[in-house]
Structures are given as structure tokens and as C-alpha cells.
Amino acid sequence: MADITVSLPDGSARTLAAGATAADLAADIGAGLARDAIAAVVDGEERDLVVGLPEGATVEIVTPGSDRGLETLRHSTAHVLAQAVLGLWPGSTFAIGPPIENGFYYDFELPDGATFGPEDLEAIDARMREIIAADQEFERVEATVAEALELFAGHAYKCEIIERVASGEADGELVDEADAGGAVSYYRNGDDFLDLCRGPHVPSTGRLGHFALQKVAGAYWRGDERRPMLQRIYGTAWSTAKELKVHLHRLAEAEKRDHRRLAAELDLVSWPEALGPGLAVWHPRGALVRKFIEDYSRSRHEAGGYDFVFSPHIAKSVLWETSGHLDFYADGMYPPMEMDGAAYYPKPMNCPFHVTVFESGQRSYRDLPKRYFELGAVYRYELSGAVHGLLRSRGFTQDDAHIFCTREQVPDELASLLDFTLSVLKAFGFEDFQAKLSTRPAEKSVGEDELWELATEGLRAALGTAGLDFVVEEGGGAFYGPKIDVDVTDAIGRPWQLSTIQLDFNLPERFELEYVGADGGRHRPVMIHRALMGSIERFFGVLLEHYAGAFPAWLAPEQVRVLPVADEHQAYAEQVEARLAAGGFRATVDPADEPLGKRVRSGKTAKVPHVLVVGDDDVANGTVGDNARGAEAPERDLPLEEFVDRLAATVAERR
RNA sequence: GCCCGAGUAGCUCAGUUGGUCAGAGCAGGCGCCUUGUAAGCGUCAGGUCGUCGGUUCGAAUCCGACCUCGGGCUCCA
């Protein structure tokens with residue numbers, strides 16, 4: 001038999017005996033790779049290691065260290081989860097079990113509507129480890145649709161998947177389970193456990209094991225609330241024990257940063273039951289931080305060429321009919337209040353009001369762009385199950401602006417707007433950004449082709465100028481215009497979508513907005529919606545988690561806490577406090593009615609940036625002992641004026 | 001909205017085969033201690049055990065409904 005030659009990702013070639021498999025190739029390259037290999041990519045297609053290689057193929061060996069390898073590992077772990085559950089619950093059936101970010105899930109339906117409890121997870125975990133210890137081989141089998149339907153008879157969800165594949169309707173999410181086309185594949189392992197699956201899988205269950213089952217949740221079959229609710233088990237899986245441990249540690253850290261927990265501990269915000277879900281009250285310390293955020297936002301907008309406007313919280317239905325919100329957004333709106341024969345709706349958005357400001361007078365091209373800014377409180381009827389602290393509430397305040405400009409001004413306006421956006425976000429300590437450009441939807445949309453083109457290219461150019469990484473979501477724009485969304489990455493690597501810059505070709509039409517051009521004729525302006533922080537409440541919540549409650553000095557509600565060592569130092573402590581207050585700083589004195597250690601601890605726990613201790617030496621020399629937040633040891637004998645200068649510099653630099 | 005889970009003092013929690021089971025720590029008040037760097041000592045007060053109804057001689061404990069919260073599904077800022 002003739003040899004075959006395959007090429008590797010680095011461009012090199014290898015000659016192997018005819019009939020060689022991907023596993024043979026891995027072994028030929030090296031023993032280490034042979035040990036690590038779990039799958040292969042042959043001519044761009046993910047395959048099992050046991051697949052025979054065709055002559056001339058390009059082959060990449062997949063190891064658990066790569067993203068693709070991890071996906072395979074997680075998918076196979078999900079498969080073992082299903083094997084365990086179906087073994088432990090006779091009569092149960094299963095739906096889909098894909099890999100997801102950091103892990104996997106699998107959806108089940110138990111007999112008689114039974115559900116999983118925490119103790120069940122332990123039993124399943126134990127059974128999974130038995131299967132893994134048995135090191136069962138995964139065997140791929142190809143079948144016709146008819147054969148597959150017979151094999152999976154009694155598993156209605158699997159049959160539904162097979163039928164969808166057969167009819168060619170398979171979409172992205174189903175491709176995980178089976179190939180589009182006439183045939184399907186399934187995998188067999190252990191005691192004849194079968195699961196419909198496109199593959200690939202790791203060679204055997206012994207390759208798995210660094211996983212943890214995490215939680216049980218309800219999930220609708222195919223995400224459709226009209227279809228049955230399945231029992232979903234979530235898990236996480238990694239290629240090494242260390243990675244698993246690091247991930248679990250990261251989750252614990254994230255929980256410690258939970259803004260709802262921090263909001264309570266630091267006395268910032270609460271959600272009294274009497275108000276209703278998704279409605280918060282701001283306590284003095286939280287309100288102070290919020291004020292600094294808003295003050296900064298206002299000052300930047302003032303300097304950035306924005307006009308400030310204000311609008312009421314409610315308006316008659318006619319406004320929302322004209323804007324189209326009652327047609328397209330009614331589900332998200334609070335119900336109307338009837339008064340004097342009219343229906344008044346709480347506003348879910350500020351845009352129609354800003355439009356009315358624009359149309360309150362005749363506009364010349366010389367006036368444009370008009371930029372109207374408002375910290376506008378809006379109310380949206382979020383589903384009760386979706387409400388989540390400050391991150392998803394029913395009442396929130398947008399740092400909202402609407403820009404009206406000529407179409408010629410669009411490119412420049414977008415470029416400066418994106419620059420402005422990033423500059424403001426950076427001031428709050430965010431450094432990593434990721435953008436998404438959403439283009440014209442394939443379905444119905446409004447606006448001329450030429451306008452879409454101009455705006456989309458304007459957005460793309462702005463992203464290029466800003467040097468921002470971005471992905472394009474083709475067809476992801478709203479029907480009324482393209483947009484850019486900007487995510488920030490927080491201190492522990494989580495992305496948060498904050499900013500949005502959105503073109504709108506619809507509202508100017510609906511309100512028949514016009515300006516007078518240089519030619520004396522009437523023209524329709526282009527409208528841009530934009531929010532930088534998105535929602536002040538949400539932004540505050542994100543900041544709280546980003547800083548783990550330790551706000552930088554410029555935002556901290558209490559910047560300095562002065563601790564007299566004993567009563568006799570109280571007067572000096574008050575002098576220090578007064579000096580700081582005179583410098584515009586927020587300082588308090590914690591009198592000596594508790595031991596010093598206790599008070600230091602309290603100050604640290606409250607995450608005050610500077611806890612100052614003053615005793616005999618300080619009274620004599622006009623100094624302080626500074627316990628800076630995060631510092632290893634206190635700095636003693638620091639002249640008060642030097643401390644003040646340093647603090648002033650820190651605040652000025654917004655650190 | 002739907003599914004699952006949870007709700008005991010301001011906070012974190014203990015207490016369930018139904019019968020002194022209404023408790024602890026922290027926080028708070030009061031008193032003592034006067035402190036040099038992450039929890040000093042004592043003492044007092046606080047809860048109709050989410051709400052309403054049911055089962056029972058008896059319910060924090062069992063059942064039902066509702067409310068709120070959490071995790072998901074869906075949608076988004």
C-alpha cells in the first residue's frame with residue numbers, strides 16, 4: 001500500500017502509512033502529543049482521533065490546552081453526565097448537552113415530572129466518576145435517519161432533533177448534535193449508552209475528570225416558553241485539576257464582589273420590599289458615590305458640546321404612538337395612567353422628548369449638530385424573573401443623549417462620539433474594551449440604502465480610528481439603524497456591555513423632523529441615540545463589582561477616617577478632620593471608645609482609602625500615621641500637609 | 001411571565017421523625033476599659049419564625065395559595 005502525505009498547521013508535511021489515523025499522526029509527531037491528543041481537525045472538519053486520514057489532508061491535532069480541545073472535553077463530559085442521569089433515573093430522557101463558556105450543561109426530563117435536588121447532584125457526580133474511572137471508549141456510529149429514529153424511539157427530544165436534521169432545518173445550535181444532511185451520527189460507550197452527537201469526542205472517558213457539577217435550573221425546550229420545561233444541570237470542566245481550582249476560586253471571588261452583597265455591607269443601596277421588585281433606594285453613602293459619577297458625567301458633557309435638557313416622567317399616548325413605541329415596545333412599558341380622558345405612560349426611553357425639543361423651533365444646518373443630554377430616569381416593565389439588583393432594574397437613569405445632524409456630519413460625529421465614550425469610561429478605571437458593530441438586518445428595515453451605507457461605514461471608520469477591537473454582527477442592527485455596542489472588561493476579566501451608539505433613520509421620519517439647508521431647502525436630519533454608562537444604576541453596580549467595593553479616592557464616600565489613639569488625642573483628630581474638610585475632602589473622626597485595633601479593622605472593612613491614626617507623637621509634631629488601603633504596613637510620622645498634598649494629587653488624577 | 005430552590009432579630013446563620021425551639025455571633029443601646037495599627041470586658045434590647053389559610057390536642061417544623069429573593073429560560077441597559 002502506498003504511503004500518504006498530510007500537512008500540519010505549521011506548513012510542514014508528514015508521510016504515514018496508508019490507512020493511518022489522526023492518532024497515528026500524533027504518535028508519529030511525539031509521545032507527548034499522542035498522550036495529550038483528544039481529537040483532530042482534518043481539512044477544517046473536527047473529527048475523532050480514530051478517523052483515517054485521506055491523502056493530502058491538512059491535519060491539526062487537538063489537545064485540551066486549546067479552546068477547541070476544551071470544547072470537546074466539555075462536550076464529552078456533558079455526555080457522561082447524560083449517561084449517569086439516564087442510568088440513575090430509569091425512564092428519564094434527555095435533550096441537548098452542549099459545551100458552553102467554562103463548562104457545559106445537559107437538559108433532561110425525568111419521569112413523572114420529578115426534579116433534581118442538591119443531593120441528586122452528588123449522586124450524579126459519583127456515578128460520573130465511576131464512568132470516567134472505567135475508561136470507556138467512545139465509538140462513533142453513522143446511521144440513516146430511519147435507523148436513528150428507531151434507536152432513539154422513546155426519546156422524543158432526540159427524535160425531534162433527528163427529524164429536524166433530516167428535513168434540513170438544522171440550525172446552528174443543532175449542528176452540535178448532528179450533521180445537517182441525510183445521515184446522523186451517534187456515539188456508543190459503556191453499557192450500550194447511546195447519544196446522538198455530531199462529535200468529536202475524546203477517545204475514552206478516562207480522559208475526563210476535572211469537572212464539577214454546579215447547579216440545577218429549569219430551561220424551556222429550545223428556549224421556547226410554550227414548550228416543556230426541562231431540568232438543566234450546569235457543570236464546569238477543565239483539562240487540569242489546577243485550572244478547575246482556579247476557575248472555582250474565580251467564581252468565589254466573583255460572589256464576594258456581588259454588588260448586592262457589597263451594597264448591603266457598605267450601606268449604599270437597598271431594595272425595600274414595599275417598593276416592588278427592581279426598585280432601589282439610595283442611602284447617603286451610595287447616593288454620594290452616585291453624585292460623583294453624575295457630576296463627572298455632567299462636566300464632561302458640558303465640555304463636550306452637549307446641551308442639557310430635562311423631560312417629564314410621563315407623557316400622553318399620542319407621543320408614544322407617533323414614536324412607534326406603542327407598536328414596537330408596548331410589552332416593555334408600564335401600563336398607562338388614565339387622567340382627564342387621556343392615557344399617560346411612564347417613559348421607557350427619553351428619545352421622543354428630545355425629539356420634541358428639536359422640533360420646538362426651526363433648525364438651520366448652521367445649528368447642527370444638536371446634542372441634547374439628559375440623565376433621564378426611565379421605567380421599563382422587566383420580567384419579574386429578570387430583575388437583578390442594580391444590573392437589571394425596572395427604574396433606572398440613562399446617561400442619554402440624542403444627536404441630530406446632517407448626513408454629511410455623520411462620519412465625523414461618530415468618530416468624535418466614540419472617542420468621547422472611551423475617554424469617559426477610561427476615567428472610571430476601565431482599560432479593556434471590546435466593540436460590536438451591528439449591521440442592517442436582512443428582514444424589513446427603514447431608511448435608504450445610501451444612508452445605511454454611510455452610517456455603517458462611519459461606525460466602522462470610527463472603530464478603526466479609535467483602534468478598538470470589534471466584531472461584526474451582520475444583520476444584528478435594529479430595523480431603524482446600525483449601531484456599535486461597547487463592552488468593558490472588569491478587574492476579574494468579566495465583560496459588561498455599557499455603551500451603545502445607535503443610528504436612527506426612523507424617528508426623524510415619524511416625527512417629520514426637518515432643518516433648513518444651505519440651499520434653502522428642507523432636509524431630514526439623522527438622529528443618533530447614545531448612552532455611555534447606559535444606566536447610572538447599572539454602571540454603579542458594575543463599578544462596585546469592578547472595584548470590589550473599594551472605590552478609588554475620588555469616588556469614595558468617605559476618603560479619610562481619623563482615629564485618635566486615646567481621648568486626649570481627640571482634639572487633634574478633629575483638627576486633622578477640619579483641615580481635610582477645608583481641603584474639600586470627606587473625612588470623619590472615630591473616637592477612642594473602642595480599642596484602636598477594632599477601629600482600624602472597622603475602617604478597613606468599610607474600605608475607607610485612608611485610615612489615619614494620631615497619637616502623642618503626631619500631636620507633638622503635626623503628623624499622622626497613614627494606613628492606606630491596600631498597603632502592607634502603616635506609614636508613621638507623615639506630616640499632615642504632605643498627606644493632604646498626596647491625597648489631592650490622587651483625587652485630581654481620579655485614582 | 002415560566003421552572004426549580006429559598007425566606008428564623010438590621011446582617012450571617014443554628015434549630016424539622018410536629019411537643020420550653022424561639023437561639024448564637026456580628027451590628028445597635030448602656031456601663032466599664034483609654035487603647036500606636038484587622039474583633040477588650042460586661043450588660044440590655046430586638047423576631048407574630050415572609051403573609052394568609054388549612055391539617056393537628058399542639059405548627060418555625062406538614063399541606064395549599066400568595067408575596068419577596070436567588071439560579072435559570074426569554075429579552076435587554
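The chains referred to below are lettered A, B, ... by the order of the sequence lines, with proteins before strands, and numbering in each begins at 1.
Look at B/G7: its Watson-Crick or wobble partner, with both distances under 3.5 angstrom, is B/C67. B/C30 is paired with B/G42 under the criterion used here, namely a Watson-Crick or G-U wobble arrangement in which both key atom distances are under 3.5 Å. Pair check for B/U20 finds none; no Watson-Crick or G-U wobble contact set falls under 3.5 Å. As the counterpart of B/C62, B/G54 is assigned, both hydrogen-bonding distances of the Watson-Crick or G-U wobble pattern falling under 3.5 Å.
Remark: A/Arg260 is not in phosphate contact with B/U68, judged by side-chain N or O atoms under 4.0 Å from OP1 or OP2. Residue A/His388 places at least one side-chain N or O closer than 4.0 Å to OP1 or OP2 of B/G71. Not one side-chain nitrogen or oxygen of A/Tyr220 sits closer than 4.0 Å to the OP1 or OP2 atom of B/G1. Within the 4.0 Å cut-off from OP1 or OP2 of B/G36, not a single side-chain nitrogen or oxygen of A/Arg599 is found. Distances shown here put a side-chain N or O of A/Lys598 below 4.0 Å from the OP1 or OP2 atom of B/A27.
Using a 4.0 Å heavy-atom distance criterion, A/Gly615 is classed as a base contact.
Taking a centre distance below 5.5 Å and an interplanar angle below 30 degrees as the stacking criterion, A/Tyr234 does not stack against the six-membered base ring of B/G72.
Regarding A/Ile233, its CD1 atom lies at a distance of 16 Å from the C1' atom of B/C73, rounded to whole Å. Put simply, CG on A/Leu390 is 11 Å from P on B/G70, counting in whole angstrom units.
One C1' atom belongs to B/C4, the other to B/C13, and the distance between them is 23 Å to the nearest Å. Nucleotides B/G64 and B/G23, compared at atom C1', are 29 Å apart to the nearest Å. When the C1' atom is compared between B/G58 and B/A65, the two are found 23 Å apart, to the nearest whole Å. B/C73 and B/C57 have their C1' atoms separated by 47 Å, with the value rounded to a whole Å. Nucleotides B/C21 and B/U16, compared at atom P, are 11 Å apart to the nearest Å. Rounded to whole Å, the separation between the C1' atoms of B/C67 and B/A77 comes to 27 Å.
A cation-pi arrangement is found for A/Arg232 relative to A/Tyr105, the charged atom lying closer than 6.0 Å to the ring centre and inside a 45° cone about the ring normal. Annotation: cation-pi pair A/Lys158/A/Phe94 present, NZ/CZ under 6.0 Å from the ring centroid and within 45° of its normal.
With hydrogens and angles ignored, no donor-acceptor pair under 3.5 angstrom links the side chain of A/Asp616 to the base of B/G36.
Applying side-chain hydrogen bond (donor to acceptor under 3.5 Å, both in side chains) to A/His259 and the options A/His388, A/Glu545, A/His546 leaves one that passes, A/Glu545.
Taking 90° from 0 as the syn/anti boundary, the base of B/G5 is oriented anti.
For the residue pair A/Thr397 / A/Glu537, a side-chain donor-acceptor distance below 3.5 Å is found, with atom types taken as modelled.
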